[in-house]
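What follows is a set of notes on a single structure, which appears directly below.
In this chain, numbering begins with 1 at the start of the sequence shown.
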Amino acid sequence: MTGPQEPSAASGFAGVGAVVTGAGHGIGAALARALTEAGARVVVNDLDPDAAHAVAAELGAHAAPATPRAPRASPR
């Protein structure tokens with residue numbers, strides 16, 4: 001029996017899409033990097049739009065930033 005393996009394109013991430021929340025910093029950014037290195041296309045989502053754009057730019061063509069917007073209340 002083998003233990004957990006590092007994700008790779010050979011393990012099924014090639015062509016997969018992922019949305020990573022909190023990807024502008026720390027663990028979320030590291031996860032976004034690992035997924036793109038493994039062949040996934042990643043949407044980088046963070047409450048800090050500048051950080052999301054910076055990480056997406058670093059990851060290149062396999063990533064795109066998502067900018068959150070404040071929800072609007074609908075009239076009752």
Enumerate the residue pairs fulfilling salt bridge (Lys or Arg N to Asp or Glu O under 4.0 Å) with a member in residues 43-59, sequence neighbours excluded, ordered by first and then second residue.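 Every pair satisfying salt bridge (Lys or Arg N to Asp or Glu O under 4.0 Å) with a residue in residues 43-59: Arg33-Glu58.
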
Check whether Leu59 and Leu31 end up in the same hydrophobic cluster, where Ile, Leu, Val, Met, Phe, Trp and Tyr are linked by side-chain heavy atoms less than 4.5 Å apart.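 Result: yes, single cluster for both.
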
So, for Ala52 and Val44, which heavy atoms are closest and what is the spacing to 0.1 Å?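 Nearest pair, atom of Ala52 first, then Val44: O-CG1, 3.5 Å.
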
Please give me the minimum heavy-atom distance between Ala66 and Asn45, naming the atom from each residue.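 Of all heavy-atom pairs spanning Ala66 and Asn45, the closest is O-OD1, 3.7 Å.
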
How long is the span from the CG atom in Leu35 to the NE2 atom in His62, to the nearest 0.5 Å?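 Here the rounded value is 12.5 Å.
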
Cut-off 3.5 Å, no hydrogens considered: what does the side-chain donor-acceptor table look like for residues 13-27, sequence neighbours left out?
none

